[in-house]
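Here is the structure we will look at.
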Amino acid sequence: MRKVLVSACLMGEAVRYDGRAAGDGGGLLADWQREGRLVVVCPELRGGLPVPRPPAEIRDGVGDDVLGGTARIVTPDGGDVTASFLQGASAALALAQEHGVKIAILKQRSPSCGSREIYDGSFQGRRIAGEGVTAALLRRHGILVFDETQLAEAASWLQSQPD
Ligand code: SF4
């Protein structure tokens, strides 16, 4: 069976920086959970960060730049959490590879999980095109990344694949 990596906060787990969840794991996610298709992960917790934790944004680039060492992930007071985010991204990739995952559904706009847009590092709520560090690492390793607004696209990709 084709497994799907999914952000834990979309499955009702209260693991976001603010101690809340980002979704209830209903609809297609619930169907996939019943089928035993989901591999659930929170990269930031895997990186050793606590709940709650300060918000974080990528400064001077996007996820790929963090992987390349030219951008950092910071908190509003200037704390550098890059190492924890990188550790979490590596752990998420290892888990995905362990389960033969080829597709992921990750929470949009997160500095870890965002896949199309992220915040610009100013903590002013400004968005830029780009992805978080986990999404970037998964893509580097050939894993398709969608967000929670693209479940239909993900379902159609899954249907096109032999299990
Ligand atoms: S790192 Fe990903 S899974 Fe964890 S809280 Fe942030 S968006 Fe959700």
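Just so you know, ligand 1 is whichever comes first in the structure, and atom 1 is the first atom listed for that ligand.
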Query raised in the report: Does V41 have a heavy atom less than 4.0 Å from any atom of ligand 1?
Result: yes
Requested in this report: Could you check atom 4 (Fe) of ligand 1 against the protein and tell me its nearest heavy-atom contact, residue, atom and distance included?
Outcome: C42 SG, 2.3 Å
Query raised in the report: Does atom CZ of R140 have more than 12 heavy-atom neighbours, drawn from other residues, nucleotides or ligands, at distances under 6.0 Å?
Result: yes
Report summary line: The side chain to side chain contact (heavy atoms under 4.5 Å, CB included) partner of Y119 among R126, E57, Q124 is E57
Report summary line: So the atoms of ligand 1 within less than 4.0 Å of a heavy atom of S110 turn out to be 6 (Fe), 7 (S)
Report summary line: Given the options R2, R37, K3, W32 meets side chain to side chain contact (heavy atoms under 4.5 Å, CB included) only with R37
Query raised in the report: For R109, which of E131, E117, E148 qualifies under salt bridge (Lys or Arg N to Asp or Glu O under 4.0 Å)?
Result: E117
Query - side chain to side chain donor-acceptor pair (under 3.5 Å) evaluation trace for R116 with T149 - result: CA-CA 11 Å; R116 294 191 287 173; T149 70; 3.0 Å; yes
**Report entry** Atom indices of ligand 1 within 4.0 angstrom of K107 heavy atoms, with elements
**Finding:** 7 (S)
Query raised in the report: In Å and rounded to the nearest 0.5 Å, what is the CG to OG distance from L49 to S84?
Result: 4.0 Å
Query - Distance filter under 4.0 Å to P43 heavy atoms, resulting ligand 1 atoms - result: 1 (S), 2 (Fe), 3 (S)
Query raised in the report: Tell me, do L86 and L67 make a side-chain contact under 4.5 Å, heavy atoms counted?
Result: yes
Query raised in the report: What part of E44, side chain from CB on, backbone N/CA/C/O, both or neither, has a heavy atom under 4.0 Å from ligand 1?
Result: both
Query raised in the report: Going by the order shown, which atoms of ligand 1 are within less than 4.0 Å of some heavy atom of V15?
Result: 5 (S)
Report summary line: the protein heavy atom lying closest to atom 2 (Fe) of ligand 1 turns out to be C113 SG, 2.3 Å
Report summary line: In ligand 1, the atoms that come under 4.0 Å of a heavy atom of R53 are 5 (S)
Requested in this report: Verify the distance test for C9 against atom 8 (Fe) of ligand 1: any N/O/S atom under 2.8 Å, yes or no.
Outcome: yes
Report task. Any atoms of ligand 1 less than 4.0 Å from a non-hydrogen atom of A8? List them with their elements. Result -> 3 (S)
Query raised in the report: V40, L29: one ILVMFWY side-chain cluster at the under-4.5 Å cut-off?
Result: yes
